[in-house]
Amino acid sequence: MALRLDRFLAEAGVGSRSEVKKYIRAKQISVNGLLIVRPEAKINEQKDVVTYCGKRIFFTKYVYYLLHKPAGCVTATEDAIHKTVMDCMADVARPDLFPVGRLDRDTEGLLIITNDGELAHALLSPKKHVPKTYYAKIRGRVTEKEVLLFEAGIDIGEDTRTRPAKLKILKGGEISEIELTITEGKFHQVKRMFLAVGMQVLYLKRIAMGSLRLPDDLPPGAYRTLTKEELEGLRENRGQQREGQSQ
Ligand code: URA
């Protein structure tokens, strides 16, 4: 496949599209040993040997990012009215990226952005029950009663009750702070579970998905690539769910 040199470099993670254009014009990029100074030059990413400052650059088919979704943007690739999570990823020149699952516009936290449809499907499949943990501030006094109700499953107006969910009370009071782990992804699930027990979610942030945790040092709106270990962990989550199914 023929690919523009600047796009190849950006997609391989060398820099943003504008940065790599500068590198090309600064004669820092060579293709098959020849210096190339035109960003629009076409290369074959499977065959051509591309180097940046003498280091070989490899094209990666699949990419995996962890975004700290900020409040105020929608989890979609396009939206006529609102900013989307993809606007946070504007530096990444890969048109095939999409978010894995969905967080509400006012929800913050961990969102995986990838172009790997198979992994996304495995993590989202309702049959796989990948755990997702949320931190929330709740209007109302959350007590052991709600812990037991959530463990037993809640009627949120669907055909079946929610699957057992683990509720941990971090701080009781008129505004409670909790962590909730659910193994499904029904529409507005956390908010609906609390509404069903007469309480309102005031603030919601996803802090974990499978083995992946939202890093403390990643501010809202920032993203980074998943580490090898994080990716392996997610793939294992998927594997464990498969094993779980066959039991
Ligand atoms: N549950 C919700 O209610 N909202 C989210 O964004 C995620 C889970």
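First listed ligand is number 1; within each ligand, the first listed atom is number 1. Counting begins at 1 with the first residue of the sequence. Heavy-atom basis, side chains included; hydrogens, waters and symmetry copies ignored.
Below 30°, between 30° and 60°, or above 60°: for Tyr52 and Tyr23 the angle between ring planes is below 30°, a parallel geometry. A parallel orientation is assigned to the rings of Phe8 and Phe59, their planes being inclined by less than 30° (bins at 30° and 60°).
Neither the backbone nor the side chain of Val201 comes within 4.0 Å of ligand 1, counting heavy atoms alone.
If you number the atoms of ligand 1 from 1 as listed, the ones under 4.0 Å from a heavy atom of Gln189 come out as 1 (N), 2 (C), 3 (O). Of all the atoms in ligand 1, the ones that sit under 4.0 Å from a non-hydrogen atom of Thr107 are 4 (N), 5 (C), 6 (O). Taking a cut-off of under 4.0 Å to the non-hydrogen atoms of Leu204, the atoms of ligand 1 that pass are 1 (N), 2 (C), 3 (O), 4 (N), 5 (C). Listed by atom number, the atoms of ligand 1 under 4.0 Å from Tyr134 heavy atoms are 7 (C), 8 (C).
The two residues Ser30 and Thr51 have their closest heavy-atom pair at OG-OG1, 2.5 Å.
The shortest distance between side-chain heavy atoms of Leu226 and Thr114 does not fall below 4.5 Å. Looking only at side-chain heavy atoms (C-beta outward), Lys83 and Pro70 stay at 4.5 Å or farther from each other.
Considering both main-chain and side-chain atoms, Arg102 never comes within under 3.5 Å of ligand 1 through any nitrogen or oxygen pair. For a threshold of 3.5 Å applied to N or O pairs, the pair formed by Lys191 and ligand 1 contains at least one separation below that value.
Tyr135 pairs in a side-chain hydrogen bond (donor to acceptor under 3.5 Å, both in side chains) with only one of the listed residues (Lys205, Glu179, Glu177), which is Glu177.
Among all protein heavy atoms, the one lying closest to atom 1 (N) of ligand 1 is Val190 N, 3.1 Å. Here the heavy atom of the protein found nearest to atom 4 (N) of ligand 1 is Asp104 OD2, 2.7 Å.
By the 4.0 Å N-to-carboxylate-O rule, Asp79 lies too far from Arg105 to be salt-bridged with it.
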